[in-house]
Amino acid sequence: MAEYSTYGSVAVLQVNNPPLNTFTRHVLQALVSGLERAQRDPAVRSIVIAGKGPTFPAGADLEELLGTAAAPLLSNLRMVDKHVDTCQKPIVCAIHGTALGGGFELALASHYRLAVPSATLSLPEVHLGMLPGAGGTQRLPRVVGVKSAIQLITSGQDIKAQQALTLGLVDKIVQGDLLKEAVSFARSVEGRPLEDRRISQRTVPDADKVDEVVEATRKTILRKARGAIAPLTCVQAIQASVLPFAAGMAREADLMTYLMTSWQAAAQQYVFFSEREVRQWSHPRDKHINFRTAKPTVIKSVGVVGAGTMGAGITISLLQAGLKVVLLEVNKKQLDKAIAVIQKTLRQKSASQKMSQLTTTMDYSQLSDVDMVIEAVFENLRLKKEVFRKLDVITKPQAVLASNTSGLDIDKIAAATKRPDKVVGTHFFSPANVMRLLENIYGKKTSAETVATVMQLATTIGKVGVLVGNCAGFVGNRMLGPYRSEALFLLEEGVDPQDVDRAIEEFGFPMGPFRMTDLAGNDIGWRRRIEARLTTEHGPPPDTPALYRRGDRYCPLPDMLCLQGRLGQKTGAGCMMLQEAKDDLTENIYIRFRTDGSVFDLRRLLAHTKTLEELILDLLFADDCALLAHTEAALMSHHAPSMCNRYDPGSRTALPDPVVLQMIQDYRQEHGFKKRTISSQEIVERCLYSLINEGFHVLDEGIASRALDIDVIYLFGYGWPRHTGGPMYYVERVIGLEKLLRSLETYSARYPNHSHLQPSPLLRDMVAKGGSLAALGTTDSKL
Ligand SMILES: CCC/C=C/C(=O)SCCNC(=O)CCNC(=O)[C@H](O)C(C)(C)COP(=O)([O-])OP(=O)([O-])OC[C@H]1O[C@@H](n2cnc3c(N)ncnc32)[C@H](O)[C@@H]1OP(=O)([O-])[O-]
């Protein structure tokens with residue numbers, strides 16, 4: 001637990017609790033015993049505390065901290081820190097690996113800190129809905145000042161050794177053998193006065209400015225916290241650091257108790273464990289196929305087909321993980337553009353050497369030797385099948401073929417090959433090198449080995465892989481459908497897009513549904529709806545009721561906006577693309593003709609022409625000759641058209657657009673909707689409850705095997721606020737299943753034709769029988 005040894009006058013205490021040397025009560029008791037022994041021994045004149053194995057203690061043991069042992073654990077840690085702080089013999093902490101939370105707090109209580117260059121320090125408690133409750137909020141500001149302490153503690157960010165040295169958090173960086181250096185350092189400081197080494201006895205350097213600093217940062221913290229209580233509570237504790245140390249510690253303890261007993265802390269700790277538990281996957285339809293029984297194929301090289309935004313992002317992720325990549329793109333200009341993006345990103349990450357692992361090509365035969373291919377071409381089933389047909393012929397028989405589709409049928413894609421067992425979905429989220437989620441989709445014939453391979457790939461490239469079944473939209477996008485529909489129905493009834501966005505953002509999402517569509521592109525859903533024959537490029541399909549499709553309520557507003565060229569933020573950027581892309585047309589660029597207002601996808605037009613130049617010539621010699629220029633001017637104009645908002649050039653701030661508001665008003669009038677006032681609560685409930693209700697369907701159908709899989713998908717792929725634990729956790733632990741059912745019943749009685757508001761049979765069953773999502777496999781056992 002804490003091994004005791006002596007090197008002459010130096011006693012060394014090495015925490016030994018593999019794998020992360022976390023603090024349990026027993027570890028802490030062993031540390032106290034060791035400290036007492038060293039203090040008692042007259043031959044010992046200094047003490048070194050270190051971690052055995054790969055790391056310095058990575059903090060309190062969360063299993064204990066979250067259970068009934070929390071109070072004794074916390075008081076033991078405070079006791080150790082007090083022992084260390086007040087010890088009459090100098091104590092040196094030797095830091096390697098990750099000194100996190102309580103580990104870093106122990107180091108701050110010590111008199112000297114040495115670290116290896118690769119060491120990382122941080123106080124990440126805020127991510128667990130807590131604060132550094134063993135003196136961290138009191139000691140850190142005494143070293144770095146209130147301003148920096150607020151920044152470090154409310155973000156929980158990592159501090160690398162060099163930065164820690166600059167900030168005065170470590171005294172020396174050690175290049176060689178850490179323990180040896182620490183022992184000799186300890187020896188060198190023996191007998192020196194310790195009073196100025198005790199951080200607790202120092203004053204906060206910017207104490208006179210504390211109120212000013214807190215005031216200046218409060219707004220930013222509130223905005224970033226998006227409803228989480230921990231960040232502001234951390235600030236309150238840090239504010240108390242200007243008090244005498246004991247008073248500050250008492251305030252910290254009170255605030256820690258408040259946070260530790262909050263539902264948000266429980267939710268965030270659930271997130272921590274769920275992020276790890278998704279790795280322990282099992283096949284929803286056959287529990288015998290799972291992470292233990294299925295063996296992954298070793299992947300050393302990956303082909304990526306398609307060098308658009310997704311393909312480039314996927315390539316970066318793979319290269320960063322040290323894999324060999326062959327990037328294939330049939331359009332030379334697009335390939336060059338992607339190479340430039342990849343190079344720039346890797347350079348920013350100081351990882352330019354990874355470029356040597358990249359081969360770029362326009363020739364499919366270069367993929368003959370890769371272990372796996374990830375296809376990332378345009379979201380079109382015909383095109384994807386064509387690509388898979390080619391890949392099946394060219395790649396080696398054992399290669400895994402994965403599609404980065406966001407919702408197309410994996411079985412249909414697999415059917416284009418003679419190896420459906422090796423075909424799988426790997427749905428990355430944009431930007432693919434940043435977003436942590438990887439939704440892995442198995443088809444009817446996908447083998448256990450293939451599933452294990454893509455789940456392993458997720459870990460290899462630092463993503464959170466979640467295994468789901470095959471259905472339109474899989475888990476994430478399928479659940480988003482009802483949410484988006486309900487948001488649109490709310491527009492019909494009287495709210496503006498900005499009202500919906502505001503309510504959802506106040507709940508904690510970084511972006512409401514309309515800003516999100518503006519960012520992603522309104523045309524993505526439009527194309528999907530055109531392909532599903534719900535609408536056409538010219539308006540609703542003939543003989544179709546305006547507000548219904550296949551018996552379901554349908555809101556055509558987004559289609560109408562697309563027909564007006566309001567495709568999202570990128571339409572605003574479209575003019576730039578049009579200019580620079582005169583002969584580089586790989587993104588979707590839309591033009592609108594002045595005579596009839598119709599919108600065309602330039603790519604589609606290009607399919608009938610050889611080059612963009614030819615197309616432009618055609619247009620110039622056609623009756624609509626002025627129109628391309630007109631379109632350019634329109635796109636360049638100050639009010640670049642977007643979906644529901646307008647964006648000033650170079651800005652992402654969504655501004656209400658009077659044109660859209662008028663259009664919605666006309667639409668309400670035309671279809672007999674009577675505008676009414678709708679509360680934020682109703683907006684949030686209707687949007688989120690319909691999304692969650694779909695989650696119950698997803699579980700019922702076995703598309704997701706556990707509620708925690710859905711939570712992780714929403715937390716890591718869709719910006720669901722972390723402090724609420726994810727949609728399924730939130731509804732069960734905070735709202736209550738019964739209340740969800742009653743609300744859905746009320747709303748579905750009011751809107752009988754909104755099918756997604758009809759409570760799912762699984763939800764009804766659970767409420768009737770008193771069942772819980774935990775029984776379906778959440779991490780309750782760990783909470
Ligand atoms: C007392 C009050 C004041 C103090 C408060 C604190 O200290 S608060 C705490 C402040 N400290 C933190 O918040 C640190 C949280 N931990 C981390 O950030 C990372 O684990 C890491 C960077 C230390 C290592 O990353 P990595 O990618 O190398 O590894 P990995 O992440 O995959 O973890 C491996 C296994 O260890 C498990 N496990 C991990 N930590 C803990 C823990 N503290 N406890 C228990 N278990 C823990 C993890 O679940 C996983 O288990 P599995 O699934 O294999 O059964």
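We count ligands from 1, going down the list as the structure has it; atoms in each ligand are counted the same way. As the structure is a prediction and not an experimental result, all values here were calculated from the model. Residues: numbered from 1 along the sequence shown.
The closest non-hydrogen atom to atom 36 (O) of ligand 1, taken over T55, L20, T120, comes from L20. In the candidate list L100, L74, L128, L128 is nearest to atom 13 (O) of ligand 1, counting heavy atoms. Closest to atom 5 (C) of ligand 1 by heavy atom, among R279, Q280, E125, is E125.
Annotation: Y718 is in aromatic contact with F429 [ring centroid separation under 6.0 Å].
Results of the side-chain contact (heavy atoms from CB on, under 4.5 Å) test with L194 over Q88, H111, Q201, K89 single out H111 as the only residue that passes. Just one of V126, L140, L131 meets the side-chain contact (heavy atoms from CB on, under 4.5 Å) condition when paired with I153; it is L140. Each of T24, T22, N17 was evaluated against D61; a single residue qualifies, T22, per the side-chain hydrogen bond (donor to acceptor under 3.5 Å, both in side chains) test.
Every atom of ligand 1 with a heavy atom of T22 under 4.0 Å away is listed here by number and element: 42 (C), 43 (N), 44 (N). Within the listing of ligand 1, atoms 10 (C), 11 (N), 12 (C), 14 (C), 23 (C) sit less than 4.0 angstrom from a heavy atom of A58. Atoms of ligand 1 found under 4.0 Å from any heavy atom of G101 (numbered from 1 in listed order, with element): 7 (O), 10 (C). Listed by atom number, the atoms of ligand 1 under 4.0 Å from P124 heavy atoms are 12 (C), 13 (O). Of all atoms in ligand 1, listed by their number and element, those nearer than 4.0 Å to a heavy atom of F272 are 15 (C), 16 (N), 39 (C), 40 (N), 49 (O). Within the listing of ligand 1, atoms 7 (O) sit less than 4.0 angstrom from a heavy atom of G59.
Other residues, nucleotides and ligands contribute more than 12 heavy atoms inside 6.0 Å of the NZ atom of K287. More than 12 heavy-atom neighbours from other residues, nucleotides or ligands sit within 6.0 angstrom of NZ on K463. Remark: K324 NZ is loosely packed, at most 12 non-hydrogen atoms of other residues, nucleotides or ligands lying under 6.0 Å away.
V48 places a side-chain heavy atom less than 4.5 Å from the side chain of L179. At least one side-chain heavy atom of P18 sits under 4.5 Å from a side-chain heavy atom of N16.
Ring geometry for W720 against F507 counts as perpendicular: the plane angle is over 60°, on a 0 to 90° scale with 30° as the lower cut.
In terms of polar-atom proximity, E105 is not counted as a contact of ligand 1, lacking any N or O under 3.5 Å from an N or O of the ligand. When only interatomic distances are considered, the shortest N/O to N/O separation between F273 and ligand 1 does not fall below 3.5 Å. At a 3.5 angstrom cut-off on N or O pairs, R276 counts as close to ligand 1. Ligand 1 has no N or O atom lying under 3.5 Å from any N or O atom of L77, backbone or side chain. Taking any N or O of A60, backbone or side chain, at least one lies under 3.5 Å from an N or O belonging to ligand 1. The distance criterion of under 3.5 Å between nitrogen or oxygen atoms is met by L62 with respect to ligand 1.
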